[in-house]
Number of protein chains: 2
Amino acid sequence: MATVSRVINKVPSVDPALAKKVWESIQKLGYVPNTQARALVSGRSKLLGVIISDITNPFFPELIQGFEDKAVEVGYETLIGSTNYDLQRMELCIQRMLERKVEGVAVMTFGIEEPLLDRLASQGIPMVFIDLAPKKKGISTIRVDYQKGIYEAVQHLAVLGHRRIAFISGPERLHSAVARLQAFRNAVDDIGLRVPESYVFYGDHTVEGGERGVEHLLTLSRPPTAIMCSNDMTAIGAMHALSRAGLSIPRDISLIGFDDIRISEYMLPPLTTIRMSGRDIAASAVTALLDSSTPPRDVETKLVVRQTTTVPAGTLADLRKKSGKAQRGR
Amino acid sequence: MATVSRVINKVPSVDPALAKKVWESIQKLGYVPNTQARALVSGRSKLLGVIISDITNPFFPELIQGFEDKAVEVGYETLIGSTNYDLQRMELCIQRMLERKVEGVAVMTFGIEEPLLDRLASQGIPMVFIDLAPKKKGISTIRVDYQKGIYEAVQHLAVLGHRRIAFISGPERLHSAVARLQAFRNAVDDIGLRVPESYVFYGDHTVEGGERGVEHLLTLSRPPTAIMCSNDMTAIGAMHALSRAGLSIPRDISLIGFDDIRISEYMLPPLTTIRMSGRDIAASAVTALLDSSTPPRDVETKLVVRQTTTVPAGTLADLRKKSGKAQRGR
DNA sequence: GTGAAAGCGCTAACAT
DNA sequence: ATGTTAGCGCTTTCAC
């Protein structure tokens with residue numbers, strides 16, 4: 001019995017011949033080791049938890065998929081918990097994870113969830129957060145370089161000739177949202193543009209938020225020629241509102257999203273957006289949980305140009321007019 | 001110790017006063033029962049498995065989400081496995097599930113996966129399939145009523161005036177795809193339309209399949225005025241190909257999808273489709289696994305009219321012409 | 001290199 | 001109504 005255990009765990013001290021016989025018997029008998037028993041005695045559950053907030057955001061399925069894949073790759077299983085911004089649901093999640101003795105928890109809610117910390121930290125369970133996390137040992141942070149992608153996007157618009165660029169943000173309480181807005185402000189400053197306060201609308205990272213944002217921006221006496229959104233769902237909402245207003249994208253107005261969720265590519269026209277790979281984040285999270293010695297790799301963001309951006313409305317007409325004048329001038 | 005166990009498991013024979021003291025101590029000590037140990041001794045893992053095939057199909061995240069939610073609701077945890085149509089990956093999935101001693105497995109691959117059966121069935125693990133499953137005890141089937149939704153869709157098109165309706169199918173080896181195509185044929189027959197073979201294109205349930213389907217249909221000398229698709233991804237591909245061909249939806253051609261994945265609503269224009277709720281299927285699956293006595297509830301499908309369907313091109317013009325003649329005739 | 005024995009944290013059958 | 005005990009299936013000393 002002990003030998004079988006050694007064979008299964010590939011302890012080198014087993015006679016290869018015996019080991020082979022054991023493997024054959026395992027095959028023949030259809031023996032399957034019992035994970036619960038192994039976990040019980042070894043104290044290692046081989047389980048990793050992921051906690052997400054908002055199910056309805058299509059960013060998360062991709063995140064979870066990536067996490068799951070990476071976890072299986074390194075011999076772990078995944079326990080998923082979604083809080084839906086509900087404290088009670090979160091408590092339940094934590095309880096479940098504690099009971100299953102997860103060996104680490106990735107908190108992918110883009111915000112600090114205080115109640116999580118105490119319960120989990122007190123058990124010494126490694127945790128990984130996105131963006132920002134309380135400084136404690138056993139807790140690591142995956143930093144996202146929002147600036148890079150957003151700078152690329154603003155520059156892209158500027159090069160096309162846009163000077164009036166608006167931003168539809170996410171909720172102010174969400175760190176990832178304020179970080180994106182800040183990155184936008186930095187980029188715009190850097191390039192030497194001025195963005196009036198009326199060009200910044202606070203949405204909520206949902207389609208509806210994007211719709212409201214556009215509705216607001218269109219009431220302005222000098223509406224923007226381009227809109228950047230804090231996430232793709234917002235951008236999709238913007239597309240709908242724009243189309244409802246009879247405006248054509250990108251001819252009348254350019255639009256850039258953030259996240260690069262799968263839908264974005266499928267939109268009509270395909271959405272230009274800033275990619276933040278959920279898979280990368282997930283992989284980084286798994287690594288961080290299992291090896292808390294090395295700090296997790298940062299996640300980069302980058303512009304993906306598709307078809308919702310072009311020169312500002314009128315530019316082409318202006319050009320044509322000018323060339324017309326030039327011809328007449330001859 | 002036994003008393004604590006009894007309190008936690010709510011065995012009624014415990015003195016309420018003592019029980020209360022136990023709960024207080026649990027609270028104070030931050031005690032968390034060890035699921036592995038409970039599972040080991042009780043033989044109940046409180047784990048349910050879901051196996052899906054194609055990660056890239058956005059139908060599955062919704063299915064999984066529903067499964068997870070329902071499972072948690074009834075006190076179970078979910079083990080996810082995705083095969084990606086790869087036999088080896090499937091073997092791995094099964095192994096993991098066996099090792100974790102899942103109490104049931106939902107095979108949501110829309111096809112029978114033979115190798116699954118032997119390994120799982122031999123352990124007497126309940127299984128649930130979609131659409132069709134080998135007749136064995138412990139195996140139940142969730143039947144999807146494709147006919148209803150598809151009939152509604154065909155009728156919807158017919159009422160609008162469409163007579164030339166094409167169908168972009170899924171792969172022939174996939175049961176769910178052939179069932180949908182058959183339902184389409186039945187519906188069309190019923191209504192008294194004839195569909196030439198050139199109007200049926202076999203795609204593969206991906207965006208690319210939909211694009212190829214449209215490209216084929218547009219080469220026809222008498223192209224269809226409406227296209228139904230075997231799933232929403234196909235329909236989205238169709239939208240792209242149509243738009244690339246300079247055709248407007250629904251003015252030039254009407255389009256109906258199948259599944260009603262979340263994206264569909266967000267498309268521009270929002271996709272008219274046939275809803276098959278992943279959440280319903282998931283809930284039904286969980287129920288079936290835990291209570292194999294009653295057969296699972298069937299899942300219905302129903303038409304969701306959005307904005308990709310209208311009268312055939314030319315109809316309005318014809319009407320106008322006619323009314324013009326009528327006026328002149330006065 | 002291999003077998004014997006202890007024990008992981010819990011539940012359930014048995015006493016009291 | 002509560003305490004005592006055996007044992008779930010495995011890993012890990014400890015002997016040999």
Side-chain angles (χ1 to χ4, degrees), chain A residues 1-47 49 74-77 79 94-104 119-120 122-125 290, chain B residues 1-47 49 75-77 79 94-104 119-120 122-125:
Chain A
M1 179 172 172
T3 301
V4 173
S5 172
R6 282 189 271 259
V7 169
I8 287 178
N9 293 300
K10 303 195 183 5
V11 174
S13 72
V14 184
D15 186 313
L18 216 193
K20 192 154 157 281
K21 279 176 67 179
V22 171
W23 279 121
E24 282 163 8
S25 302
I26 285 175
Q27 199 74 41
K28 194 156 70 224
L29 300 172
Y31 169 80
V32 176
N34 183 327
T35 314
Q36 349 256 25
R38 305 176 81 171
L40 184 57
V41 66
S42 70
R44 318 208 49 215
S45 64
K46 291 285 191 174
L47 238 35
V74 294
Y76 275 71
E77 227 87 46
L79 225 54
I94 299 168
Q95 184 70 18
R96 290 196 296 139
M97 306 224 162
L98 253 21
E99 290 183 358
R100 295 260 176 208
K101 293 280 179 295
V102 292
E103 293 178 34
R119 295 265 270 143
L120 294 169
S122 71
Q123 307 273 334
I125 296 174
L290 297 184
Chain B
M1 181 171 172
T3 301
V4 174
S5 171
R6 281 189 273 258
V7 169
I8 287 177
N9 293 301
K10 303 197 181 11
V11 175
S13 71
V14 186
D15 184 312
L18 216 193
K20 194 156 155 281
K21 279 175 67 179
V22 171
W23 280 121
E24 281 163 8
S25 302
I26 285 176
Q27 198 74 41
K28 194 156 69 223
L29 301 172
Y31 169 81
V32 177
N34 184 326
T35 314
Q36 347 258 24
R38 306 175 81 172
L40 184 57
V41 64
S42 70
R44 316 207 51 213
S45 66
K46 291 286 193 172
L47 238 36
Y76 276 72
E77 227 86 45
L79 226 52
I94 299 169
Q95 184 70 17
R96 291 196 296 138
M97 306 223 160
L98 252 23
E99 290 184 357
R100 295 260 175 209
K101 294 277 179 295
V102 292
E103 293 178 35
R119 297 264 269 143
L120 293 169
S122 71
Q123 308 273 334
I125 296 174

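Predicted, not measured: the structure shown is a model, and the values here were computed from it. Below, chain A is the first sequence line, B the second, and so on; all start at residue 1.
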Taking the side chain as C-beta and beyond, is there a heavy-atom pair between B:Lys28 and B:Trp23 under 4.5 Å? no
Give the rounded distance in Å between these two atoms: NZ of B:Lys46 and P of D:dC8. 22 Å
At 4.0 Å (heavy atoms only), tell me whether A:Ser13 reaches a base, stays on the sugar-phosphate, or touches nothing. base
Would you name the heavy atoms of A:Gln36 and B:Arg100 that are closest together and state the gap between them? NE2-O, 3.4 Å
Rounded to whole angstroms, how far apart are CG on A:Leu18 and P on C:dG1? 11 Å
Check the distance between C:dT11's C1' and B:Arg44's CZ and give it to me in whole angstrom. 13 Å
Are B:Arg38 and B:Asn9 side-chain neighbours, meaning at least one heavy-atom pair lies under 4.5 Å? yes
Without decimals, in angstroms, what is the distance between A:Glu99 CD and C:dG9 C1'? 13 Å
Please say whether more than 12 non-hydrogen atoms of neighbouring residues, nucleotides or ligands are located less than 6.0 Å from CD in A:Gln27. no
Report, as a single string ordered 5' to 3', how protein heavy atoms within less than 4.0 Å touch nucleotides 9-14 of chain D: B base, S sugar-phosphate only, - not at all. BBBBB-
Is the closest side-chain heavy-atom distance between B:Ile26 and B:Ile8 below 4.5 Å? yes
Quantified as the angle between the terminal helix axes (five pairs each), what is the overall bend of the helix from C:dG1-D:dC16 to C:dT16-D:dA1 to 10 degrees? 40°
For A:Pro33 and B:Lys101, work out which heavy atoms get closest and say how close. O-NZ, 4.3 Å
Within this structure, what is the CG-to-P distance between A:Leu98 and C:dC10, rounded to whole angstrom? 12 Å
B:Lys21 NZ to D:dA1 P: how many Å, rounded? 17 Å
Does B:Arg119 reach the side chain of B:Leu98, with side-chain heavy atoms less than 4.5 Å apart? yes
Give a yes or no on whether the backbone of B:Glu99 and the side-chain of A:Thr35 come within a donor-acceptor separation of less than 3.5 Å. yes
